[in-house]
Amino acid sequence: YQSPELEELVYFINQTSNNHFAENLLRTTGFYKNGDLSSETGRRTVTQHLNEKSYDFSGLSFADGSGLSRSNLVTPISQARFLSALTKEKYFDEYLKSLPIAGQTGTLKSSFSLSPAYGQIFAKTGTLNKVKTLSGYIKTRAGRLLAFSLLINNYNGSVNQIKRKMETILEPAIDL
């Protein structure tokens with residue numbers, strides 16, 4: 001059996017937020033580098049790669065590949081810096097294509113539909129009980145690509161209220 005290309009797997013994972021596939025991709029990463037399919041080996045492999053890329057590890061706790069563990073922690077600024085650094089990587093265009101597009105595809109299909117940000121935000125969502133995240137890129141009217149990260153914890157209200165607040169926060173960036 002031959003696996004789909006990595007770009008296809010990443011596209012599927014990012015568009016659908018498939019946590020099972022994300023976890024298995026972490027394990028497979030460890031296998032290809034170190035011959036072991038464990039989550040621990042996958043985490044070590046990814047951490048080593050991030051270290052080589054000078055990732056800001058302050059405030060980072062990396063427990064799984066899906067983002068479902070409550071032990072996962074990251075700061076918005078380190079996330080935004082990482083996303084900004086990705087723009088210089090040779091695989092960035094494929095990565096950007098994998099992200100859901102505001103109002104159009106994947107997990108952002110029902111977001112930003114009546115917003116000036118429609119079609120201009122490329123981002124990955126995250127949702128746990130009382131946690132809502134959105135991190136990615138905004139393409140401004142001037143053609144600039146800006147990295148952003150919104151991580152909301154312990155909020156009151158509904159997920160839909162938080163999603164609307166995120167839209168309100170991001171909309172003015174379109175004009176930068």
Undergrad: Any non-hydrogen side-chain atom of Val74 less than 4.5 Å from a side-chain atom of Phe57?
TA: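 They are not in side-chain contact.
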Undergrad: Enumerate the salt bridge (charged side-chain N to carboxylate O under 4.0 Å, His left out) contacts for residues 125-147, please, sequence neighbours excluded, ordered by first and then second residue.
TA: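 Checked against salt bridge (charged side-chain N to carboxylate O under 4.0 Å, His left out) - neighbours excluded - the pairs reaching residues 125-147 are Arg141-Asp175.
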Undergrad: Taking side chain as C-beta onward, heavy atoms only, is Leu146 less than 4.5 Å from Thr140?
TA: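 Touching, per the 4.5 Å side-chain cut-off.
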Undergrad: Give me the atom names and distance for the closest heavy-atom approach of Ile174 to Gln120.
TA: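 Shortest heavy-atom separation between Ile174 and Gln120 comes out as CD1-CB, 3.6 Å.
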Undergrad: Between Tyr11 and Tyr95, is the gap from one ring center to the other below 6.0 Å?
TA: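 Between Tyr11 and Tyr95, the centre distance exceeds or equals 6.0 Å.
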Undergrad: Could you measure the distance from the CG atom of Leu96 to the CG atom of Leu86? Nearest 0.5 Å is fine.
TA: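 Interatomic distance, Leu96 CG to Leu86 CG, rounded to 0.5 Å: 10.5 Å.
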Undergrad: Distance-only criterion, 3.5 Å: show the donor-acceptor pairs between side-chain atoms of residues 105-113 and protein atoms not counting sequence neighbours.
TA:
residue, atom, partner, partner atom, Å
Thr105, OG1, Gln15, OE1, 3.3
Thr105, OG1, Ile101, N, 2.8
Thr107, OG1, Thr125, OG1, 3.2

Undergrad: How close do Ala22 and Ser66 get, heavy atom to heavy atom, and via which atoms?
TA: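 Of all heavy-atom pairs spanning Ala22 and Ser66, the closest is CB-CA, 4.0 Å.
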Undergrad: Can you measure from CG (Leu134) to CD1 (Ile162) and round to the nearest 0.5 angstrom?
TA: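 Taking CG in Leu134 and CD1 in Ile162, the distance rounds to 12.5 Å.
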Undergrad: Less than 3.5 Å apart, any donor N or O on the side chain of Glu171 or Ser115 sitting next to an acceptor on the other?
TA: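 Judged by distance alone, the side chains do pair up.
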Undergrad: Considering only heavy atoms from C-beta outward, does the side chain of Asn72 approach that of Asp64 to under 4.5 Å?
TA: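 They are in side-chain contact.
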Undergrad: Working to the nearest 0.5 angstrom, can you tell me the gap between Ser135 OG and Leu151 CG?
TA: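 Between atom OG of Ser135 and atom CG of Leu151 there are 5.0 Å.
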Undergrad: Which one of Phe92, Phe148, Phe122 satisfies the ring-ring contact (aromatic ring centres under 6.0 Å, His included) criterion with Tyr137?
TA: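 So, applying the ring-ring contact (aromatic ring centres under 6.0 Å, His included) to Tyr137 and each of Phe92, Phe148, Phe122, only Phe92 qualifies.
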Undergrad: Does any pair with a residue in residues 92-101 pass salt bridge (charged side-chain N to carboxylate O under 4.0 Å, His left out), and if so which ones, sequence neighbours excluded?
TA: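 For residues 92-101: Glu94-Lys97.
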Undergrad: Check whether the ring centres of Tyr55 and Phe82 lie less than 6.0 Å apart, and answer yes or no.
TA: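 Centroid distance Tyr55-Phe82: below 6.0 Å, so yes.
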Undergrad: Tell me the closest heavy-atom pair linking Ser3 and Leu9, and the distance in Å.
TA: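 Result for this residue pair: OG-CD1, 3.7 Å.
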Undergrad: Might you work through the side-chain contact (heavy atoms from CB on, under 4.5 Å) test for Leu145 and Ile138, ending with a clear yes or no?
TA: CA-CA 6 Å; Leu145 194 64; Ile138 299 172; over 6 Å; no
Undergrad: Can I get a per-line list of side-chain donor-acceptor pairs under 3.5 Å for residues 36-45, giving both atom names and the distance, sequence neighbours left out?
TA:
residue, atom, partner, partner atom, Å
Asp36, OD1, Ser38, N, 3.4
Asp36, OD2, Ser38, OG, 2.9
Asp36, OD2, Thr41, OG1, 2.6
Ser38, OG, Thr41, N, 3.0
Ser38, OG, Thr41, OG1, 2.9
Ser39, OG, Glu23, OE2, 3.3
Ser39, OG, Arg27, NE, 3.3
Ser39, OG, Arg27, NH2, 3.2
Glu40, OE1, Arg43, NH2, 2.6
Thr41, OG1, Arg44, NH2, 3.4
Arg43, NH1, Ala63, O, 2.9
Thr45, OG1, Asn34, ND2, 2.8
Thr45, OG1, Thr41, O, 2.8

Undergrad: When rounded to the nearest 0.5 angstrom, what is the spacing between NZ in Lys88 and NZ in Lys53?
TA: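 The NZ atom of Lys88 sits 11.5 Å away from the NZ atom of Lys53.
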Undergrad: Check ring-ring contact (aromatic ring centres under 6.0 Å, His included) between Phe12 and all other residues, then give those that pass, not counting sequence neighbours.
TA: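 Per chain and number, Phe12 pairs via ring-ring contact (aromatic ring centres under 6.0 Å, His included) with Phe21.
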Undergrad: Please find the pair of heavy atoms, one from Ala80 and one from Ser149, that lie closest to each other, and give the distance.
TA: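 Closest approach of Ala80 to Ser149, heavy atoms only: N-CB, 4.2 Å.
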Undergrad: Examine the side chains of Ser98 and Asn14 and answer whether a donor and an acceptor come within less than 3.5 Å of each other.
TA: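 Indeed, the side chains of Ser98 and Asn14 share at least one donor-acceptor pair under 3.5 Å.
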Undergrad: CD of Gln161 to OH of Tyr155: how many Å apart, nearest 0.5 Å?
TA: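 Between atom CD of Gln161 and atom OH of Tyr155 there are 9.5 Å.
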Undergrad: Any side-chain to backbone donor/acceptor pair from Asn24 onto His20? Under 3.5 Å, distance only.
TA: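 Here the side-chain-to-backbone pair exists.
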Undergrad: Looking at Ser71 and Ser61, what are the two nearest heavy atoms and their distance?
TA: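 Nearest pair, atom of Ser71 first, then Ser61: O-OG, 2.7 Å.
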Undergrad: For a 4.5 angstrom cut-off between non-hydrogen side-chain atoms, does Lys33 reach His49?
TA: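 In short, these two side chains do not touch, never coming nearer than 4.5 Å.
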Undergrad: Among side-chain atoms of Asp56 and Ser58, is any donor-acceptor pair under 3.5 angstrom?
TA: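 Distance-only check passes for Asp56 and Ser58.
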Undergrad: Which distance, rounded to the nearest 0.5 Å, do you find between the CD of Glu52 and the CG of Leu50?
TA: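 One gets 9.5 Å once the value is rounded to the nearest 0.5 Å.
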Undergrad: Could you see if Leu150 belongs to whatever hydrophobic cluster contains Ile77? Use Ile, Leu, Val, Met, Phe, Trp, Tyr and a side-chain cutoff under 4.5 Å.
TA: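 Different hydrophobic clusters.
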Undergrad: Taking side chain as C-beta onward, heavy atoms only, is Asn154 less than 4.5 Å from Val131?
TA: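 Answer no - side chains too far apart.
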Undergrad: Are Tyr91 and Leu26 linked, directly or through other ILVMFWY residues, by side chains that come within less than 4.5 angstrom of each other?
TA: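 Yes, it is one cluster - the side chains of Tyr91 and Leu26 are joined through contacts under 4.5 Å.
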Undergrad: Is it true that atom CG of Leu114 has more than 12 heavy atoms of other residues, nucleotides or ligands lying nearer than 6.0 Å?
TA: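 At most 12 heavy atoms, drawn from other residues, nucleotides or ligands, come within 6.0 Å of this atom.
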Undergrad: Heavy-atom distance under 4.5 Å between the side chains of Ile13 and Leu25, does that happen here?
TA: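 Answer yes - side chains close enough.
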Undergrad: Could you list the residues that satisfy side-chain hydrogen bond (donor to acceptor under 3.5 Å, both in side chains) with Lys124, not counting sequence neighbours?
TA: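 Only Ser17 meet the side-chain hydrogen bond (donor to acceptor under 3.5 Å, both in side chains) criterion with Lys124.
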Undergrad: A side-chain contact here means heavy atoms from C-beta on lying under 4.5 Å apart; do Leu128 and Leu68 qualify?
TA: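 With C-beta onward as the side chain, the pair touches.
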